[in-house]
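To start, the structure under review is shown below, and the notes come after it.
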Protein chains: 2
Amino acid sequence: MIDQVFEILKENNLKLTPQRKEIVKILWENRGHHLEIEVIYNLVASKGKKCIGLATVYRTMELFNKIGLISRITMEKSPAKYELNVFDKLNHHHLICLKCGQVQEISDDIASEFKTIIAEEADFKVADKPMKIYGYCSKCREP
Amino acid sequence: MIDQVFEILKENNLKLTPQRKEIVKILWENRGHHLEIEVIYNLVASKGKKCIGLATVYRTMELFNKIGLISRITMEKSPAKYELNVFDKLNHHHLICLKCGQVQEISDDIASEFKTIIAEEADFKVADKPMKIYGYCSKCREP
DNA sequence: CTATTTGCAAAGATTTTGCATAACG
DNA sequence: CGTTATGCAAAATCTTTGCAAATAG
């Protein structure tokens with residue numbers, strides 16, 4: 001399971017350093033959640049094992065993002081968040097609550113028709129990446 | 001026309017300082033474009049008139065965003081961009097090219113059905129704000 | 001007049017980078 | 001072994017803030 005992820009790293013000529021393994025583990029254990037760099041860094045550190053540098057986490061996430069292993073979502077007033085692109089839910093989208101910052105997801109099924117229309121009307125190929133849709137979750141319903 | 005914008009400021013109990021007027025003018029003259037703080041700052045400064053502080057531009061845009069006069073879009077690797085919410089196109093969405101960074105817009109008509117579905121399926125009220133949809137424009141079509 | 005707003009410079013927050021050292025393959 | 005990756009600290013970026021002076025209403 002998680003070994004599939006390690007495979008992906010190899011396929012992209014990335015060395016399997018202990019740091020990268022630890023980061024992957026953390027991402028895997030928290031799949032479905034959106035983690036900030038700082039959080040990942042602390043989780044890795046708290047695992048007791050040898051420490052890791054913040055810069056390494058930044059560099060690693062940049063790399064992982066580049067090879068499509070993770071998705072980064074850029075927040076308005078807080079650090080970016082990252083999540084593993086798990087295979088059976090590679091295509092989903094983020095509903096971001098403007099009030100509490102909570103991130104919900106919806107599947108690509110709901111969006112796929114929308115994407116088709118965009119492709120036709122705007123000659124724009126929507127990426128297989130989460131869209132960011134701002135609004136208000138049920139708890140914070142717009143005033 | 002532009003006076004309507006000044007009206008909005010008054011309605012929100014914001015004083016009409018020369019700095020705010022100049023910023024509004026710049027936004028108006030560039031409506032439909034997405035401007036960075038630095039650009040707005042330089043445009044105001046280059047108008048010859050009395051100078052303006054960078055902090056004032058930041059504070060003003062934060063305020064304008066809060067009252068819904070403008071939309072801010074947060075970019076991944078560059079400063080945020082701002083644009084005036086012009087009345088006849090208040091509801092539109094951003095198609096952001098991952099390669100060249102170009103920002104296209106689509107109207108809310110295309111998206112409204114999508115929003116309805118989201119409201120129903122996810123109990124999430126999509127804000128009257130641009131959604132961010134990443135992908136590849138016709139020039140940079142995905143490799 | 002008084003509450004807001006401004007400008008400046010200093011501080012914050014987040015992210016990137018240079019470089020010597022370590023270590024994967 | 002040679003290339004790639006790491007850690008640290010320093011730098012770069014973008015944005016926010018404190019405070020005294022200025023000013024809109």
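Chain naming here is simple, since letters A, B, ... match the order of the sequence lines and numbering starts at 1 in each.
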Starting from the 5' end of DNA chain D, give me the residue, B:Lys10 or A:Asn13, whose nearest nucleotide shows up first.
A:Asn13
Once you build an axis from the first five pairs and another from the last five of the helix from C:dC1-D:dG25 to C:dG25-D:dC1, how far apart in angle are they, to 10 degrees?
40°
Describe the nucleic acid contact of A:Arg59 in one word from base, sugar-phosphate, nothing, applying a heavy-atom distance below 4.0 Å.
base
Would you indicate which nucleotide in D:dG25, D:dT6, C:dT6 comes nearest to any side-chain atom of B:Thr56?
C:dT6
Please report the closest heavy-atom contact between A:Lys115 and A:Ala127, naming both atoms and the distance.
NZ-O, 4.1 Å
Atom-to-atom span, CG of B:Asn65 to C1' of D:dT15 - whole angstrom:
14 Å
For B:Phe124 and A:Ile96, work out which heavy atoms get closest and say how close.
CZ-O, 3.5 Å
Please tabulate the protein-to-nucleotide N/O contacts below 3.5 Å involving nucleotides 12-16 of chain C, giving atom names and distances.
residue, atom, partner, partner atom, Å
C:dT15, OP1, A:Ala80, N, 3.3
C:dT15, OP2, A:Tyr58, OH, 2.8
C:dT16, OP1, B:Lys77, NZ, 2.6

What are the two closest heavy atoms between B:Arg72 and B:Tyr82, and how far apart are they?
NH1-OH, 3.3 Å
Tightest non-hydrogen contact, residues B:Val57 and B:Ile23, listed as CA-CD1, 4.1 Å
Looking only at heavy atoms, which two atoms of A:Thr74 and A:Tyr134 are closest? And how far apart?
O-OH, 4.0 Å
As a test of reading the structure: which of C:dA23, C:dT17, C:dT6 is closest to the side chain of A:Lys15, going by heavy atoms?
C:dA23
Please determine whether a side-chain nitrogen of the Lys or Arg among B:Glu29 and B:Lys47 lies less than 4.0 Å from a carboxylate oxygen of the Asp or Glu.
yes
Rounded to whole Å, the CE-P distance (B:Met61 to D:dT16) equals 12 Å
Rounded to the Å, how far apart are B:Leu14 CG and D:dT23 C1'?
15 Å
Tell me which one of B:Ile118, B:Ile133, B:Ile117 satisfies side-chain contact (heavy atoms from CB on, under 4.5 Å) with A:Phe114.
B:Ile133
How many Å lie between CZ on A:Arg20 and P on C:dC24, as a whole number?
11 Å
Looking only at side-chain N and O atoms, does A:Glu83 offer a donor or acceptor that is under 3.5 Å from a partner on A:His94?
yes
Please give, in whole Å, the distance from C:dT4 P to B:Ile67 CD1?
16 Å
Look at the side chain of B:Asn85 and the backbone N and O of B:Gly68, then say whether any donor-acceptor pair between them is shorter than 3.5 Å.
yes
Integer-rounded Å distance: C:dT5 P and B:Leu9 CG
10 Å
Is the phosphate of C:dA23 approached by A:Gln19 (side-chain N or O, under 4.0 Å from OP1 or OP2)?
no
Closest nucleotide of DNA chain D for A:Tyr41 versus for A:Leu63: which of these residues is on the 5' side?
A:Leu63
With a 4.0 Å limit, can you tell me whether A:Thr17 has a side-chain N or O closer than that to the phosphate oxygens OP1/OP2 of D:dT6?
yes
How close or far is atom P of D:dT6 from atom CG of A:Leu16, stated in whole angstroms?
11 Å
